[in-house]
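A quick write-up on the structure given underneath.
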Amino acid sequence: QSVLTQPPSVSGAPGQRVTITCMGGSSNIGAGYDVHWYQQLPGTVPKLLMYGNYLRPSGVPDRFSGSKSGTSASLAITGLQAEDEADYYCQSYDSGLSGYVFGTGTKVTVL
Amino acid sequence: QVHLVESGGGVVQPGRSLKLSCAASGFTFTTYGMHWVRQAPGKGLEWVTVISYDGNYKYYADSVKGRFTISRDNSKNTLSLILNSLRPEDSAVYYCARGSGSPFDNWLDPWGQGTLVTVSS
């Protein structure tokens, strides 16, 4: 059972905007640790999508944006495309566990 | 080009041991912390362990603490994970990943292709 909670699924039509939340607590996101996001396309290896809360690695479209506030973080996808259909995971560090943690994961479906 | 290749997975009986390896290339291995992450079939990602760039610091998830041991050989650019006292719930694809950023604020990039461990009698 992860300490970072995400909605199991979100969906949207092509071109729409969807947001994935990552709810943490005072020992991880709320303690000031950064949040990072990963995209896992069906049958593939997870890929870094966002680091340092809102920074995009080279090659990641600017349709993806990240933010963090208090004990939670969010990943937004604007102009949703069919190729964005994947599982998305947030990740941070937890001082209470003395280790890293992943979110529960969110499946994004493009209608 | 940064490349991570895991090996050593397979089918093993409960209670037995297994050693996973991760061969790194394309970057200065000695300057990065390294992680293992696992993913059970159809399930989410679970962080397993991390080792500092020099091997002096190691942290483990509670679910594997005392059973798994991470190590690295910087002379061979190789990361290892010894899995002892294996349980059926340890069955998963195990990924090695490079850690970047400051200590306790690592992000993982890139990831290897993974190696499958199946614990079954």
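For the numbers below, each heavy atom of this structure counts, side chains included, while hydrogens, waters and symmetry mates do not.
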- request: Could you check if a side-chain atom of A:Val45 sits within less than 4.5 angstrom of a side-chain atom of B:Tyr95, using non-hydrogen atoms only?
  value: yes
Over 12 non-hydrogen atoms of neighbours within 6.0 angstrom of NZ in B:Lys65: yes
message: Can you confirm whether more than 12 heavy atoms, excluding those of A:Arg63, are under 6.0 Å from its CZ atom?
response: yes
message: Counting only non-hydrogen atoms closer than 4.5 Å, does B:Val37 touch chain A with its backbone (N, CA, C, O), its side chain (CB onward), both, or neither?
response: side chain
- request: Can you tell which part of B:Glu46 gets under 4.5 Å to a heavy atom of chain A, answering side chain, backbone, both or neither?
  value: backbone
- prompt: Hey, which of B:Gln113, B:Lys43, B:Gln39 has the most heavy atom pairs under 4.5 Å with chain A?
  reply: B:Gln39
task: Take the angle between the ring planes of A:Tyr93 and B:Phe104 and call it parallel below 30°, perpendicular above 60°, tilted in between.
output: tilted
Given 3.5 Å as the limit, does a donor-acceptor pair link the side chain of [X] with the main chain of [Y], or not?
| X | Y | result |
| --- | --- | --- |
| A:Gln40 | B:Gly44 | no |
| A:Asp34 | B:Asp105 | no |
| A:Tyr38 | B:Leu108 | yes |

- prompt: How many angstroms lie between CG in B:Asn106 and OG in A:Ser92, if you round to the nearest 0.5 Å?
  reply: 11.0 Å
- request: With rounding to the nearest 0.5 Å, note down the distance linking CH2 in B:Trp111 to NZ in A:Lys47.
  value: 13.5 Å
- request: Tabulate, in ascending numerical order, the residues of residues 54-61 of chain A having at least one heavy atom closer than 4.5 Å to a heavy atom of chain B, or enter 'none'.
  value: none
Linking I/L/V/M/F/W/Y whenever any side-chain heavy atoms sit under 4.5 Å apart, do [X] and [Y] land together?
| X | Y | result |
| --- | --- | --- |
| A:Val35 | A:Leu49 | yes |
| B:Trp47 | B:Val117 | no |
| A:Leu48 | B:Met34 | no |
| B:Trp107 | A:Leu4 | no |
| A:Phe102 | A:Tyr100 | yes |

task: Sort A:Tyr33 into side chain, backbone, both or neither according to what part of it lies under 4.5 angstrom from a heavy atom of chain B.
output: both
message: At a heavy-atom distance under 4.5 Å, which candidate from A:Gly105, A:Gly99, A:Ser98, A:Pro46 has the highest pair count against chain B?
response: A:Pro46
